[in-house]
Amino acid sequence: MAKPNAHYGDLKDSYLFYNIAQKTKRYLEEHPDKRLYRMGIGDVTLPLADAVIAALHEAVDDQADKARFRGYMPECGDAPLRSTIADYYRKRGVSLEDDEVFVSSGASDELGDILDLFDRSSKVLVMEPAYPAYVDANVMAGREIIHLPADETIGFLPAPSEAALADVLYICSPNNPTGATFNREQLKAWVDFANAHDSIILFDAAYEAFIEDDSIPHSIFEIEGARTCAIEICSLSKTAGFTGTRLGYTVIPKTLERCGMNFNAMWVRNRTTKTNGVSYILQKGGMAVFSEEGQRQIKANIEYYKNNARMLMRTLDELGIQYYGGKNAPYIWMKCPKGMGSWEFFDYLLNEIQVVGTPGEGFGKCGEGFIRFSTFGSAEDTEEAAKRMLSLLSE
Ligand code: MLT
């Protein structure tokens, strides 16, 4: 008999964002005359940058031309793209070899797939509130998870301690959902802790492009010692609007080893077995993100989302409501007013003003009492949502 993976029974009924999608769908079925102002899932709304679109078109034409046609791509990424991404790091003073960069089909895929590198008995540390896939992917694999709660008193940024002893440590900075960012000293403490205990940090850098303050590291590899204890997973989803296009990259230093095994070599072995690489068309589009023109255009898009964030922050300031994030991250983590629970406040906003957020409790128990707003909507919708919140919450 084929036995199912019994750990699926340990998962919550459904994934957070799926749950919200179902709830909002039901609401619209029951209220066909209403429209929603969506600030739930962090899905971008601006089209891809012109430079990327031009490159994608060109790549399609290449595939129609016998001389330029490309078949299977190298499993770990096309050499020019790996080199371009390594250059992106070099410009920030992080020295990488091209083959320490792996092209991926996006950070969420990669955050799950990368777990193949770790023994099932590895203990995993998740600092919460956290992106829910960290927990769910490890529950599916039956790993022991240590939930490390972080609250306002520590700015949602826990420091290493006995309670954080684990084999695999997830760190997300800028953080989803709180928008909090670790500074150099704080990250250095985690790097030293990981090296001292032979742990490995999985550093989720999906939101690095939103950092405004120069003092905040964009990459864990800006920190001395990280090359012997960290893997970095990054994405073009939020940086360059690739949520529906799918492209990301992962950095695994060749110096990362445990028990005599090399993680870079293991990932090469994994990718060459489990994938045939990311499509040529997408990788060519990805190359354009890093061109001068591409960088200028994606920065303009990020600025657009930052304006949304500023608009919402002004409203919350006016209401005198406590919130975090919004500056170096595309998320605003707001305290629910009047002591409301996070799902209660979610329902209140949906029913009263048709604004959709993400309940903080979905990011871990300690997220209860908060709601997260994504700033990736259109400026018009964000403005309307802000107006509606102002009128509802100042009542
Ligand atoms: C989020 O809203 O947290 C993200 O958009 C989800 C994701 O990146 O998969």
Side-chain angles (χ1 to χ4, degrees), residues 20 36-46 129 150-157 172-183 186 207-216 238 299-363 366-395:
I20 293 170
L36 297 180
Y37 300 90
R38 293 180 190 271
M39 301 193 294
I41 192 164
D43 195 5
V44 295
T45 49
L46 289 175
D151 64 15
E152 295 174 272
T153 60
I154 53 166
F156 304 101
L157 297 168
C172 177
S173 178
N175 185 268
N176 177 14
T178 65
T181 44
F182 282 100
N183 66 26
Q186 290 164 324
Y207 301 99
E208 65 84 12
F210 289 79
I211 294 174
E212 286 177 20
D213 297 343
D214 290 342
S215 61
I216 298 167
K238 318 296 156 96
K299 281 188 182 130
N301 289 358
I302 288 173
E303 194 46 38
Y304 175 94
Y305 297 131
K306 281 186 174 287
N307 270 329
N308 287 345
R310 288 191 274 268
M311 202 148 43
L312 281 174
M313 290 193 289
R314 271 197 303 276
T315 302
L316 298 182
D317 286 338
E318 209 169 314
L319 286 164
I321 290 178
Q322 178 74 56
Y323 64 89
Y324 302 87
K327 185 162 189 287
N328 295 297
Y331 296 122
I332 291 176
W333 183 244
M334 168 189 149
K335 208 162 196 173
C336 302
K338 300 176 190 153
M340 276 194 232
S342 55
W343 280 103
E344 185 189 1
F345 188 56
F346 170 90
D347 286 333
Y348 183 60
L349 290 183
L350 176 64
N351 291 316
E352 298 297 323
I353 55 172
Q354 293 74 52
V355 166
V356 181
T358 305
E361 194 264 347
F363 299 96
C366 63
E368 181 51 288
F370 285 85
I371 195 158
R372 189 198 75 174
F373 292 121
S374 147
T375 59
F376 288 113
S378 72
E380 296 74 24
D381 277 15
T382 309
E383 190 178 1
E384 180 60 26
K387 246 193 233 157
R388 287 174 177 230
M389 279 207 278
L390 190 61
S391 111
L392 180 74
L393 302 177
S394 49
E395 273 169 13

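Numbering of residues begins at 1 and proceeds along the displayed sequence. Note that the structure is predicted; figures quoted are calculated from it, not measured. Heavy atoms only: backbone and side chains are in, while hydrogens, waters and symmetry mates are out.
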When every non-hydrogen atom of A150 is compared with those of P129, the smallest separation belongs to O-CD, 3.5 Å
What distance separates L393 CG from R388 CZ, expressed to the nearest 0.5 Å? 13.0 Å
Looking only at non-hydrogen atoms, find the nearest pair between L390 and E318 and report the distance. CD2-OE2, 3.6 Å
Measure the acute angle between the ring planes of W333 and F370, then classify it against the limits of 30° and 60° as parallel, tilted or perpendicular. parallel
Rounding to 0.5 Å, atoms CD (E208) and CG (N328) come to a distance of 11.5 Å
CG of N175 to OG1 of T181, rounded to nearest 0.5 Å, is 9.0 Å
Output, in order, the C-alpha distance, side-chain angles, deciding distance and verdict of side chain to side chain contact (heavy atoms under 4.5 Å, CB included) for T382 and F373. CA-CA 10 Å; T382 309; F373 292 121; over 6 Å; no
Counting N and O atoms only, with roles assigned by atom type, does the side chain of Y305 sit under 3.5 Å from a partner on the main chain of S374, one being a donor and the other an acceptor? no
Are Y331 and Y207 an aromatic pair, judged by ring center distance below 6.0 Å? yes
Value rounded to 0.5 Å, distance of OG in S378 from OH in Y304: 5.0 Å
Start with the C-alpha gap between V356 and I41, add the side-chain angles, then the distance that decides, and say whether side chain to side chain contact (heavy atoms under 4.5 Å, CB included) holds. CA-CA 9 Å; V356 181; I41 192 164; over 6 Å; no
Pairing of K327 and D213 as salt bridge, 4.0 angstrom limit: yes
List the steps, then state whether side chain to side chain contact (heavy atoms under 4.5 Å, CB included) holds for K306 with I302. CA-CA 6 Å; K306 281 186 174 287; I302 288 173; 4.0 Å; yes
Might you point out which heavy atoms bring G377 and N308 nearest each other, and give the distance in Å? O-ND2, 2.8 Å
What class does the angle between the rings of F345 and Y348 fall in, given that below 30° is parallel, 30 to 60° is tilted and above 60° is perpendicular? tilted
Test side chain to side chain contact (heavy atoms under 4.5 Å, CB included) on L312 and M39; report intermediate values, then the result. CA-CA 11 Å; L312 281 174; M39 301 193 294; 3.8 Å; yes
